[in-house]
Amino acid sequence: MSSNKIKIIFSGTPEFAQPSLESLAADSRFEILGVITQPDRPAGRGQKIATSAIKQSAQKLGLTVWQPQKIKSLAAELKKLSPDFLVVVAYGQLLPREILEIPKYGAVNVHGSLLPKYRGAACIAAPILNGDKNSGITIMLMNAGLDSGPILKQTEIILDPKETAASLHDKLSHLGAKDLGNTLVSFYSGKIKPKDQPLEGISYFSSLKKEVGLLEWTKSAEILDQEIRAYYPWPGSFTTWQRRRLKITKAEVLKETELKNKLPGTTLLIDKKLVVACGQGFLNILELQLEGGRVLKIEVFLDGHPQIAHAQLGS
RNA sequence: CGCGGGGUAGAGCAGUUGGCAGCUCGCCAGGCCCAUAACCUGGAGGUCGUCGGUUCGAAUCCGACCCCCGCAA
């Protein structure tokens with residue numbers, strides 16, 4: 001029926017990929033032949049079987065869903081569909097050459113950084129952690145390497161000083177979705193020439209480990225602030241208080257610092273603010289969550305836990 | 001059956017040898033003050049998650065269920 005539409009197989013897993021899938025599905029220039037996503041797995045509290053965000057979207061859109069343990073097993077089936085593009089957005093597995101070679105025009109990836117900077121899975125946390133002023137989206141052709149293929153389109157955005165991984169994730173996922181359709185069409189019609197990534201400025205940022213969320217109060221307030229924003233909401237930043245895990249979800253560097261340096265991790269109550277001494281400077285805690293409890297704004301937390309105003313965190 | 005913490009006033013938390021239900025904040029009223037988010041006085045507001053059991057008597061002990069959350073994935 002739609003023989004003049006560009007035929008796409010979509011591959012992705014988490015929420016980050018949803019805007020891309022949904023915008024392609026809503027775009028009459030494309031026909032989505034099916035969606036590949038990670039298998040349903042036990043996840044979360046209680047180990048209930050969870051379906052990926054993309055599977056949910058695909059089902060809502062009435063699209064065919066494949067969930068292979070190994071994507072190679074789909075090779076023959078995909079080949080028969082003779083897709084023009086394989087579009088990959090955060091699928092979660094490396095794709096073998098055998099699969100990448102199936103689509104007639106190539107496999108296209110949406111990546112959340114300005115490549116070649118921040119190749120790898122933690123491309124959203126990386127710029128915040130490094131205090132960068134900008135980041136962006138790269139749409140590229142995939143090759144056998146890790147995020148190393150030729151660039152089709154790149155769009156930069158300026159980071160907000162209070163940017164968190166959550167807010168940047170949201171911005172980039174929509175930016176990628178917005179660029180994707182036109183980029184595919186332009187490349188399809190020969191208007192874009194892929195450019196090889198520069199050899200200068202390559203960096204890698206592989207997926208975050210849980211331990212990075214531990215706040216080391218001997219670091220400077222500025223660094224800790226960047227960590228808290230980069231790791232929000234996952235894996236989160238935490239310290240300990242009265243032998244319980246205390247997550248810090250929101251904080252800022254205390255600007256007026258006529259305070260004398262104290263032992264890192266010491267808390268003070270100043271002007272109804274909860275302030276923690278760091279290796280250099282002070283951090284003003286705005287929002288936190290004690291193990292077992294909800295996330296609370298600091299003034300509410302203090303109503304029930306006034307003792308935290310004179311404590312030693314992380315010990 | 002992955003491990004664990006928790007559901008008490010609008011919010012956040014105390015409260016197990018079972019015996020009149022408390023604290024901080026907020027809210028209402030009054031007072032102080034040039035004034036105030038500050039301070040003082042008084043007040044309203046609770047089926048103690050739900051259902052059942054034990055007991056003279058249950059927030060508290062027992063059982064089932066619902067909901068929230070941390071870890072781990």
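Residue numbering restarts at 1 for every chain, and letters A, B, ... go by the order of the sequence lines.
Between A:L74 and A:E77 there is a side-chain heavy-atom pair separated by less than 4.5 Å. By the 4.5 Å heavy-atom criterion applied to side chains, A:W217 and A:L224 are counted as neighbours. Contact annotation: the side chain of A:L24 never approaches that of A:F85 to less than 4.5 Å [non-hydrogen atoms, C-beta and beyond]. Looking at heavy atoms from C-beta onward, A:K60 lies out of side-chain contact with A:Q56 at the 4.5 angstrom threshold.
Looking at which nucleotide of RNA chain B each of A:G304 and A:K272 is closest to, the 5′-most match is held by A:G304.
With both ends at atom C1', the span from B:A58 to B:G18 equals 6 Å, rounded to whole Å. A distance of about 14 Å separates the C1' atoms of B:C13 and B:G26, rounded to the whole Å. Annotation: B:C51 and B:A59 have their P atoms spaced 13 Å apart (nearest Å). Straight-line distance between the P atoms of B:A44 and B:G5: roughly 38 Å, to the nearest whole Å. On the P atoms, B:C28 is 11 Å away from B:A37, given to the nearest whole Å. Spacing of P atoms, B:G12 relative to B:C20, comes out at 26 Å, to the nearest Å. Nucleotides B:C39 and B:A21 are separated by 29 Å at their C1' atoms, to the nearest Å. Comparing the P positions of B:G19 and B:C62 gives a spacing of 15 Å, expressed to the nearest Å.
Under the Watson-Crick and G-U wobble criteria, each requiring two contacts below 3.5 Å, nucleotide B:G42 is paired to B:C28. Across all strands shown, nothing is found opposite B:C33 as a Watson-Crick or G-U wobble partner with both distances under 3.5 Å. The partner of B:C51 is B:G63, by the rule that a Watson-Crick or G-U pair needs both atom distances under 3.5 Å. Pair assignment for B:G2: B:C71, on the basis of Watson-Crick or G-U wobble contacts that are both within less than 3.5 Å. Summarising the base pairing, B:U16 is matched to no nucleotide, lacking a Watson-Crick or G-U wobble pair whose two defining distances lie under 3.5 Å.
As a whole-Å value, the separation of A:L208 CG from B:A73 P is 15 Å. Summarising the geometry, the separation between CZ on A:F301 and C1' on B:C69 is reported as 14 Å, rounded to the nearest angstrom. Atom CG in A:L302 sits about 15 Å away from atom C1' in B:G26, given to the nearest Å. Rounding to whole angstrom units, CD of residue A:E211 and C1' of B:A72 are separated by 13 Å. The distance from atom CG of A:L274 to atom C1' of B:G12 is 15 Å, rounded to the nearest whole Å. The separation between A:R244 atom CZ and B:G70 atom P is 13 Å, rounded to whole Å. Going from atom CZ of A:R245 over to atom C1' of B:A72 covers 10 Å, rounded to whole Å. Atom pair A:W234:CH2 and B:G70:P shows a separation of 14 Å (rounding to whole Å applied).
Note on A:K210: a base of the nucleic acid sits closer than 4.0 angstrom, heavy atoms only.
For A:D271 (side chain) and A:K273 (main-chain N/O), no donor-acceptor pair under 3.5 Å exists by modelled atom type.
Under a hydrophobic-cluster definition in which Ile, Leu, Val, Met, Phe, Trp and Tyr are linked whenever side-chain heavy atoms come within less than 4.5 Å, directly or via other members, A:F187 and A:L175 are assigned to the same cluster.
The structure places CD1 of A:I139 at 9.5 Å from CG of A:N109, a figure rounded to the nearest 0.5 Å.
Judged purely by distance below 3.5 Å, without hydrogens or angles, the side chains of A:S173 and A:Q18 never pair a donor atom with an acceptor atom.
Evaluation of the side-chain contact (heavy atoms from CB on, under 4.5 Å) rule for A:Q154 yields A:L114, A:L115, A:T138, A:I151 as partners, not counting sequence neighbours.
Annotation: proximity of residues 39-57 of chain A to RNA chain B (heavy atom, distance under 4.0 Å) is found for A:P42, A:A43, A:G44, A:R45, A:G46, A:Q47, numbered in ascending order. Within residues 285-300 of chain A, the residues having any heavy atom under 4.0 Å from RNA chain B are, by residue number, A:Q289, A:E291, A:G292, A:G293, A:R294, A:L296, A:V300.
Applying the 6.0 Å contact sphere to NZ of A:K219 captures more than 12 heavy atoms from other residues, nucleotides or ligands. The local environment of CD1 in A:I49 is crowded, with over 12 non-hydrogen atoms from other residues, nucleotides or ligands closer than 6.0 Å.
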